[in-house]
Amino acid sequence: MNKHTMTHAKIPAAAAVLLALLAAGCGVETPAPVELTYEQPTGEAIFSNYVAIGNSLTAGFMDGGLVMNGQVNSYPQLIASALGYPAGSFMQPLIAFPGVGSTSTGDPSIVAGVLRFDGASLSLAGTTPLADVQSTLLLAARWPVAYQNLGVPGATLWDGMNATSSANSQSPGNSYFDFILRNSVFGGVVMCDQAASLGPTLVTCWLGNNDALGGATSGEPVLGTNVTPPAAFAAMYETLLDRVTDTVFARTGFTPVIITANVPDIASTPYFMPKALFRTMAGLPGPDTLPDANLFAEADAVYVRFPALSYLAAAGMAGLPLPEAYTLDVAETAVVQDAVTGFNAAIATAVDERDHVHLYDAHAALAGLTAGQATHFLALEAQYGADIAAATTYFSLDGIHPNNRGYGHVANGFIATINEALDTEIPSINLANLTWDPTYGIPIDDKAAPGLSPEAARAMDAVFR
Amino acid sequence: MTRTRAAILLAGAATLLLAGAAAAGGFNIYEAGARATALGGAFTATADDGSAIFYNPAGLAFLDGMAVDLNLMPVIPSSEFTGALRPDGSYATGKTVDQSFPIPGAYWYRNAGDLTYGIGLSAPFGLGVEWADPEAWVGRRTSYDVDLATVYVTPVLSWKVEETVGIAFGLDIAHTDIQLNKRSATLFGANPENDPNVDVLDARIEGTSRINVTPMMGLMVKASPKVTFGVMYHHQKKMEIRNGELTLTNVAPAALTATVDAQIAALGGAEHDGVTDLKLPHILAVGVAYQATEKARVEFDAVHFGWGFFDELVLDFDGTALDQTIREDYEDVLQLRFGAQYQVTPKLLAMAGYVRDESPQPVGSMSPLLPDASRNDYSFGLQMRATERVTLTGTYMSVNFEERSNVEGGVQQSFETEFNPAGSYDSYAHIFGVGIGYRF
């Protein structure tokens with residue numbers, strides 16, 4: 001083998017070695033994922049993205065329905081305004097006048113609006129053909145993402161995590177689920193997940209009221225049927241808080257601040273009248289003349305539901321004794337109040353166990369209202385006239401939902417809780433600026449006798465949506 | 001040949017070749033000939049075949065007779081993307097589809113005493129990045145498929161000033177063909193696990209440039225029998241694309257179809273005219289070659305790219321709502337190129353090269369459109385004198401991109417962060433080259 005051929009032989013070998021070396025060290029290597037730093041919002045940044053979940057109280061339900069006039073004074077909107085959100089930037093499922101009420105019009109193709117005080121009685125502020133609701137009333141139906149106010153009238157705690165529509169909610173037929181969650185478009189996302197989808201820094205959560213009131217407003221509360229057992233409530237409540245927290249974290253990398261509120265006593269609302277007040281409002285004699293046993297089918301009645309007034313107005317004395325559904329007797333009251341006590345204990349425990357969750361004691365706040373603030377407009381109106389009545393009570397015409405000032409009071413409670421928890425100085429709402437017009441623009445005849453129209457009575461029956 | 005006809009021919013060439021994948025920093029493709037590529041592109045002070053028309057036309061001054069050199073260099077790029085970790089520990093991934101871009105280098109020259117003239121066709125700027133599974137590709141709202149091809153036709157005149165000095169001038173007559181496909185999205189829905197946006201429009205942008213003519217020049221000095229210096233310069237270019245077309249297609253989910261149709265109508269329809277300028281950098285190469293022995297030669301080149309010229313890409317459509325400015329902010333870079341060759345036998349030449357290529361792209365403009373990174377290239381090749389008149393060249397270059405992330409210190413550094421995904425890219429390209437030279 002001469003030198004020349006040796007060289008020839010070496011070249012392919014060298015090339016092969018070179019190729020092998022190159023092949024070994026080259027090609028695309030899948031990069032490992034890098035880490036992003038996710039910062040926990042602090043200071044004002046905590047308020048940068050506020051979302052509210054809840055039920056009718058959160059939605060701004062007022063005067064037996066949901067309408068812009070009330071929604072613009074919902075406590076989440078008032079909080080957002082106090083946080084400096086420009087007008088219109090906090091998205092709510094706004095509904096045009098006359099709104100969507102929970103009253104039955106007796107005709108399924110006609111949707112009732114809110115109630116109004118017509119100078120003599122309560123009547124519907126208007127109605128809307130069902131076919132026109134979507135096109136004429138639902139002003140924010142085309143908002144492309146979840147609403148920041150996700151309060152759905154009628155929602156229970158279970159609904160907050162499970163309901164995607166009226167059909168699978170605990171109040172079937174309650175179209176607010178459909179209007180507000182809009183799952184015909186978004187496709188099967190529950191309230192608490194819709195809230196998380198917005199990546200909120202601050203969440204208020206006021207759920208649980210309907211878990212007791214569903215039974216209470218039926219007049220026949222039964223634990224496990226229309227009242228949620230407290231043990232189940234406790235487990236669900238923790239799940240809800242963690243689900244919101246974990247989902248927001250998974251989406252954003254930070255933990256939201258959550259402000260919860262507990263469940264008020266039914267006795268804090270004008271809707272549940274003590275027996276004596278009922279006698280006064282109905283113009284009935286005292287127990288010496290008309291013993292409880294003759295007045296009430298449940299002789300040990302403790303509270304009388306507001307619709308009893310219209311029932312009595314229509315049926316007269318022949319309607320006595322008042323059917324059981326209009327009263328809560330001792331045992332029924334205990335079922336409801338024990339449940340509320342249990343709920344609130346569960347909420348307090350859940351809050352205590354979570355550093356990022358803080359409690360607004362709505363139970364104490366509403367129990368602390370003055371007698372005038374907690375009295376129904378109609379009762380005050382009979383005595384003092386409409387203007388004073390409207391300026392005094394914190395409750396709307398349905399007797400169970402606050403009016404503008406009542407929601408302002410609630411908003412201030414939340415704000416105070418936030419300020420204490422986060423050491424901030426959000427200004428409180430000046431309640432004097434929140435005037436409530438129960439007439440919806442109709443002049444009031446102060447001398448007219450108070451009373452309830454049959455439609456108002458139906459509204460009361462269906463009131464706690 | 002009329003200007004129009006030249007334009008049509010160039011456009012045809014560009015279409016045939018379509019895009020090249022960027023094989024050098026930015027979207028430059030420095031591979032204009034198989035022999036030069038084997039030497040790592042360190043060819044400015046050697047420039048001894050037809051590809052001198054690109055690498056340094058002054059080299060033609062020292063060549064005899066007439067020759068044709070035809071080169072085809074298929075570039076086979078691939079890129080992978082790994083998204084940054086989301087808070088829940090998940091991350092997106094993506095990869096480009098298999099593609100191959102045959103980069104041309106076709107040259108003819110003829111010596112006439114002290115003057116040599118020639119003409120060449122090369123494609124020094126190009127880009128082709130097509131991501132697989134475009135419907136799901138996380139970067140689709142920046143780009144899921146981009147093609148950019150630039151073809152230079154370069155006539156040159158080279159003058160041997162004296163026995164050891166050649167100078168040359170030429171014109172880079174260029175044409176660009178560009179196509180960009182992306183999705184547009186809008187906030188929609190309420191699903192906490194998914195993206196808050198949904199795709200509503202598919203946007204396809206196509207355009208061809210006007211013919212652009214700029215000067216280029218070369219200088220070669222044989223300082224001693226062993227040492228040669230070379231300088232080459234291609235002027236920067238602003239490719240004026242005046243016939244761009246934007247085509248919008250409604251891809252919105254059913255709930256938004258009508259809304260998006262109305263938006264398209266409000267914009268004046270699905271077809272829009274657009275204009276843009278694509279800025280190409282100057283190339284300035286300085287090289288020194290050393291003939292170490294009769295058989296061995298080495299060269300070192302420093303190549304300066306004026307990428308600072310590529311500051312932004314302004315897409316200006318007839319509807320102002322569609323206008324877009326893509327911030328690029330490239331920086332000038334200096335490439336280092338080393339080449340060595342050894343005459344193994346009188347008929348066989350072995351070559352190898354190495355390139356250190358810093359990316360001109362700032363981290364802010366890294367995107368699915370062009371995930372650039374610094375790279376190291378290794379090349380080798382063989383050239384065989386098959387007959388008295390014919391040479392055959394085979395080359396391989398391995399282009400090794402460094403893995404690069406647009407996240408630094410836990411923060412995404414991109415100029416645009418809404419639709420440009422945070423994460424890391426790794427890319428690689430094989431370049432094969434074949435060349436055939438014929439001396440008349």
Side-chain angles (χ1 to χ4, degrees), chain A residues 4-5 7-8 10-12 14-15 18-19 21-23 25-39 142-147 150 164 180-200 243-244 246-255, chain B residues 77-93 95-96 186-194 196-198 253-256 259 344-345 348 350 352 378-380 382 396-401 403-412 422-430:
Chain A
H4 212 89
T5 51
T7 313
H8 271 278
K10 279 179 185 169
I11 289 162
L18 195 53
L19 266 177
L21 283 172
L22 285 169
C26 52
V28 182
E29 288 185 23
T30 306
V34 294
E35 287 190 34
L36 286 170
T37 303
Y38 296 100
E39 287 184 17
R142 296 179 81 168
W143 183 244
V145 292
Y147 297 120
L150 285 160
T164 59
I180 295 167
L181 300 182
R182 296 180 293 168
N183 278 312
S184 62
V185 176
F186 291 163
V189 190
V190 301
M191 179 197 298
C192 72
D193 287 347
Q194 292 212 9
S197 78
L198 297 170
R243 178 157 162 183
V244 170
D246 295 347
T247 312
V248 171
F249 184 85
R251 179 68 170 271
T252 65
F254 60 74
T255 301
Chain B
S78 52
S79 293
E80 282 200 26
F81 172 78
T82 301
L85 278 175
R86 299 184 185 115
D88 65 358
S90 67
Y91 56 88
T93 59
K95 64 197 304 183
T96 52
T186 190
L187 274 179
F188 181 75
N191 192 331
E193 274 97 43
N194 290 343
N197 297 285
V198 294
L256 291 179
T259 310
V344 183
T345 72
L348 188 68
Y378 304 93
S379 63
F380 64 91
L382 293 172
Y396 173 76
M397 176 180 265
S398 154
V399 181
N400 301 265
F401 289 69
E403 185 180 312
R404 191 178 186 198
S405 174
N406 59 24
V407 175
E408 290 171 5
V411 179
Q412 187 182 356
S424 306
Y425 294 89
D426 192 33
S427 304
Y428 183 81
H430 298 282

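Residue numbers start from 1 in every chain, and the chains themselves are labelled A, B, ... in the order their sequence lines are given, proteins ahead of strands.
Of all the heavy atoms in A:V189 and B:A190, the pair that sits closest is CG1-O, 3.2 Å. The minimum heavy-atom distance linking A:V28 with B:S78 is given by the pair CG2-OG, 3.0 Å. For B:F401 against B:Y428, the heavy-atom pair with the smallest separation is CD1-N, 3.7 Å.
Heavy-atom distances place no part of A:R182 under 4.5 Å from chain B, backbone and side chain included. At a 4.5 Å heavy-atom cutoff, the contact between B:A84 and chain A is made by backbone and side-chain atoms alike. Both the backbone and the side chain of B:S424 come within less than 4.5 Å of a heavy atom of chain A. Heavy atoms of A:F249 lying under 4.5 Å from chain B belong to its backbone as well as its side chain. In this structure, no portion of A:A195 lies under 4.5 Å from any heavy atom of chain B. With a 4.5 angstrom heavy-atom cutoff, A:V145 touches chain B via backbone and side-chain atoms both. Looking at A:T30, the atoms closer than 4.5 Å to chain B (heavy atoms on both sides) sit in the backbone and in the side chain alike. When heavy atoms are compared at a cutoff of 4.5 Å, A:T252 approaches chain B solely by way of its backbone atoms N, CA, C and O.
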Would you please test B:F188 and A:F186 for side-chain contact (heavy atoms from CB on, under 4.5 Å) and show each step? CA-CA 8 Å; B:F188 181 75; A:F186 291 163; 3.9 Å; yes

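In this structure, the separation between CG on A:D193 and CD on B:E193 is 6.5 Å, given to the nearest 0.5 Å. Of the inter-residue distances, the one linking B:N191 atom CG with A:R251 atom CZ reads 8.0 Å to the nearest 0.5 angstrom. Going from atom OG of B:S398 over to atom NE2 of B:H430 covers 7.5 Å, rounded to the nearest 0.5 Å.
Between chain A and the options B:D426, B:V411, B:V198, B:L256, heavy-atom pairs under 4.5 Å are most frequent for B:D426. By number of non-hydrogen pairs under 4.5 angstrom with chain A, the leading residue of B:G409, B:P196, B:G423 is B:P196. Here B:P87 is the residue among B:P87, B:A92, B:A350, B:S90 with the most heavy-atom pairs under 4.5 Å with chain A. For the set B:G83, B:G410, B:A255, the entry with the most heavy-atom pairs within less than 4.5 Å of chain A is B:G410.
With sequence neighbours excluded, no residue satisfies salt bridge (charged side-chain N to carboxylate O under 4.0 Å, His left out) with B:R86.
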